[in-house]
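Because the structure is predicted, anything quoted here is derived from the model rather than measured. We name chains A, B, ... by the order of the sequence lines, and we start the count at 1 in each one.
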Amino acid sequence: MIKFIKRFYLVIMFVFLYAPIAALMVLSFNSSKYMSRWDGFSLKWYEAMFSSELIMSALKTTLIIALLSAVISTIIGTAACIGISRMKRKPRAIVMGLNNIPMVNAEIVTGISLMLCFIAFGISLGFGTILISHITFCIPYVILSVMPKIKQTEQSTYEAALDLGASPVQAFFKVVFPDIRPGVLSGFLMAFTMSLDDFIITHFTKGAGVNTLSTLIYSEVRKGIKPSLYALSTIMFLAVLILLVIANLPKGKNRELVKEN
Amino acid sequence: MGKKSLAAPYIVWMAGFIVIPLLFVFYYGLTDKSGAFTLENLAAIASPEKVSALLRSLKLSVLSTAICLLLAYPLAMILKGLHVKKGSFVVFLFILPMWMNFLLRTMAWQTLLDRNGVINNVLAFFHLPGINIINTQAAIVFGMVYNFLPFMVLPIYNVLIKIGDDTVEAARDLGADGVQTFFRVIFPLSMPGIVSGITMVFVPALTTFVISDLLGGGMVLLIGNVIEQEFTFTANWNLGSGLSLVLMVFILISMVLFAKYDKDGEGAAV
């Protein structure tokens, strides 16, 4: 009985989390443009999506910013983790405290503060300012996932590599990096996802003329959102789901095989 | 890897894009349009309209944080009980929805919660009374719980899976029953996760302007909406910054709590 209640609760919670996603997927095939009415199956929103320059350019901006901010924040963040782990207690506490600010602070305050700063220094708001802002809030997530891995690595293995004639760069990529790779990867994915899904900070730092998908959607809320945006997010969601399943399945099987042998 | 200097780029970055921008909020918040020092922007929170927005925000965010905690704790316990080999899979299930834009996901609840929507049809099928919460404060709390629940589940789950079975068994061996084991062993050990979960839900819920915009139908004004409007409509940056400073007092309280339970600076968030 208790087992049944547990299962039931689990199912309810995941229905709660995924219901809106299912709803959007269904609505993307709705030939009516109203959310509340079903007028039959149609693919017209998918056609409309590909022919809409507005949506395609917002998609391009969103993906480029997510990719760039994930790559840059992963590099800066991983390097920072190595540096921070070598620091003494006090400076480390200060750096980690500052690192927590973008995560703990309200996004609206982070967005406003960056906007005021850019304008005060005469940097015009646009693609560049969105990118800088995204990198700023992504690095803490990279550090959060890389730091525990760095702490687990042994300083001595790195030194052993040096003694055996490796250059510091070789020692890093051949000895240290394989140990911390899972953390770096999950930091990268986290950064990419956070950047992709961000609205509030982008809203304040984007300026006129540039749109990410989030800001495009927000600007359409009042007029009524076009279902072509549901179509786009359905495709993106399914693409990620398939990619991640493919990336995870064979590896898991290999591991099991190795264990069995 | 004995290079402290590897942290240098990030330290410069933090100075430029975290510290200096925050100083600008202080500067604008404590000056008037001519640049003279004033406390008026802070005092502006006392106007009836803004006080009621702040109190409303506090009420809704406390409520949604409490609901999140009540929903998340059993969920985290059940997930721990599944003994999934890869904890990352559980994390993945909660992060996956973020790949569908959060504005769209929130909007989708409009359809689902509609008077003639799916949920009311299901309720009617089971002869249960329908719910009619669209464009009310209840809808906003619902949206907050929906959006921020993962931020409560993940820290608690991450702390719970670190509690070894032997700890629980030891408590049992020493004569504690299930309830005692929970309240005297598991619950106290999970406090850091609970605290970081509360911070991660309370702050975004307190400061949101998007959820109230989308699910409140523009009828419910939160402090986030007031601040956002000072920047986008009335363009009164000084007042907007002043109100942000007031808001930050509440965030600071959360940060102090966060720091107290997060001494290693590791964070239980991810």
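Of the atoms belonging to I75(A), not a single heavy atom falls under 4.5 Å from chain B. Contacts between T234(A) and chain B at a heavy-atom distance below 4.5 Å involve backbone atoms as well as side-chain atoms. For L93(B), the parts lying under 4.5 angstrom from a heavy atom of chain A are both the backbone and the side chain. At a 4.5 Å heavy-atom cutoff, M77(B) makes no contact with chain A through either its backbone or its side chain. For T106(B), no part sits under 4.5 Å from any heavy atom of chain A, backbone or side chain. With a 4.5 angstrom heavy-atom cutoff, M13(A) touches chain B only via side-chain atoms. For Y28(B), the part lying under 4.5 angstrom from a heavy atom of chain A is the side chain only. Contact of V153(B) with chain A is not made at all, since no heavy-atom distance falls under 4.5 Å. With a threshold of 4.5 angstrom between heavy atoms, M100(B) approaches chain A through its backbone and through its side chain. Of the two parts of V240(A), only the side chain, counted from C-beta on, holds a non-hydrogen atom closer than 4.5 Å to a non-hydrogen atom of chain B. Heavy-atom distances place both the backbone and the side chain of P97(B) under 4.5 Å from chain A. For L112(B), the part sitting under 4.5 Å from any heavy atom of chain A is the side chain, from C-beta outward, and nothing else. For a residue to count as touching a neighbouring chain, one of its non-hydrogen atoms must lie under 4.5 Å from one of that chain's; by this rule L96(B) touches chain A with backbone and side chain alike. For L22(B), the parts sitting under 4.5 Å from any heavy atom of chain A are the backbone and the side chain alike. With a threshold of 4.5 angstrom between heavy atoms, P150(B) approaches chain A through side-chain atoms but not through N, CA, C or O. Interface remark: L189(A) contributes no atoms to any contact with chain B (heavy atom separation under 4.5 Å). For F14(A), the part sitting under 4.5 Å from any heavy atom of chain B is the side chain, from C-beta outward, and nothing else. Proximity to chain A (any heavy atom under 4.5 Å) is restricted, for L82(B), to the side chain, taken from C-beta onward. For Y218(A), the parts lying under 4.5 angstrom from a heavy atom of chain B are both the backbone and the side chain. At a 4.5 Å heavy-atom cutoff, the contact between I108(A) and chain B is made by side-chain atoms alone. Looking at A93(A), there are no atoms closer than 4.5 Å to chain B (heavy atoms on both sides), in backbone or side chain.
Within the model, atoms SG of C81(A) and OH of Y10(B) stand 9.5 Å from one another, a figure rounded to the nearest 0.5 Å. Taking CE of M115(A) as the start and OG1 of T232(B) as the end, the distance is 9.0 Å to the nearest 0.5 Å. Here CD1 of I251(B) is found 11.0 Å from CD1 of I101(A). Values are rounded to the nearest 0.5 Å. Once rounded to the nearest 0.5 Å, the distance linking CH2 of W237(B) with CG of L116(A) reads 6.5 Å. The CD1 atom of I11(B) lies 9.5 Å from the CD1 atom of I94(A); values are rounded to the nearest 0.5 Å. Summarising the geometry, atom CG belonging to L114(A) is positioned 8.5 Å from atom CD1 belonging to I18(B); distances are rounded to the nearest 0.5 Å.
Taking chain B as the reference chain and counting heavy-atom pairs below 4.5 Å, the highest number among F192(A), Y9(A), F121(A) is found for Y9(A). Ranked by heavy-atom pairs under 4.5 Å with chain B, the first of L10(A), L17(A), D198(A), L196(A) is L17(A). Note on S113(A), S133(A), G187(A): by heavy-atom pairs under 4.5 Å with chain B, the leading option is S113(A). Interface check for chain A: of the options G16(B), A15(B), G81(B), P74(B), the most heavy-atom pairs under 4.5 Å are formed by P74(B). Ranked by heavy-atom pairs shorter than 4.5 Å toward chain B, the options T78(A), T136(A), I84(A), L241(A) are led by T136(A). Top candidate by heavy-atom pairs under 4.5 Å with chain A, chosen from N147(B), T208(B), L71(B), L206(B), is L71(B). Contacts with chain B were tallied for V175(A), V95(A), T62(A), L232(A); V95(A) has the most, counting heavy-atom pairs under 4.5 Å. Looking only at heavy-atom pairs under 4.5 Å with chain B, the residue among I132(A), L229(A), L213(A), V221(A) that has the most is I132(A). Here W13(B) is the residue among F24(B), F102(B), W13(B), F231(B) with the most heavy-atom pairs under 4.5 Å with chain A.
The minimum heavy-atom distance linking I112(A) with S244(B) is given by the pair CD1-OG, 3.8 Å. T193(A) and M98(B) make their closest contact through CG2-CB, 3.8 Å (heavy atoms, listed as atom of the first residue, atom of the second, distance). The two residues A108(B) and L24(A) have their closest heavy-atom pair at CB-CG, 3.8 Å. In terms of heavy atoms, L6(B) sits closest to A79(A) at CB-O, 3.3 Å.
A perpendicular orientation is assigned to the rings of Y146(B) and F16(A), their planes being inclined by more than 60° (bins at 30° and 60°). In this structure, F209(B) and H203(A) have tilted ring planes: the angle between them lies in the 30° to 60° band.
A heavy-atom distance below 4.5 Å is not found between the side chains of E107(A) and T207(B).
Remark: the backbone N or O of S233(A) is not paired with any side-chain donor or acceptor of N101(B) at under 3.5 angstrom. Of the possible donor and acceptor atoms, none in the side chain of Y230(A) sits under 3.5 Å from a partner among the backbone N and O of L104(B).
More than 12 non-hydrogen atoms from other residues, nucleotides or ligands lie less than 6.0 angstrom from CZ of F182(B). Heavy atoms from other residues, nucleotides or ligands lying under 6.0 Å from NZ of K226(A) number 12 at most.
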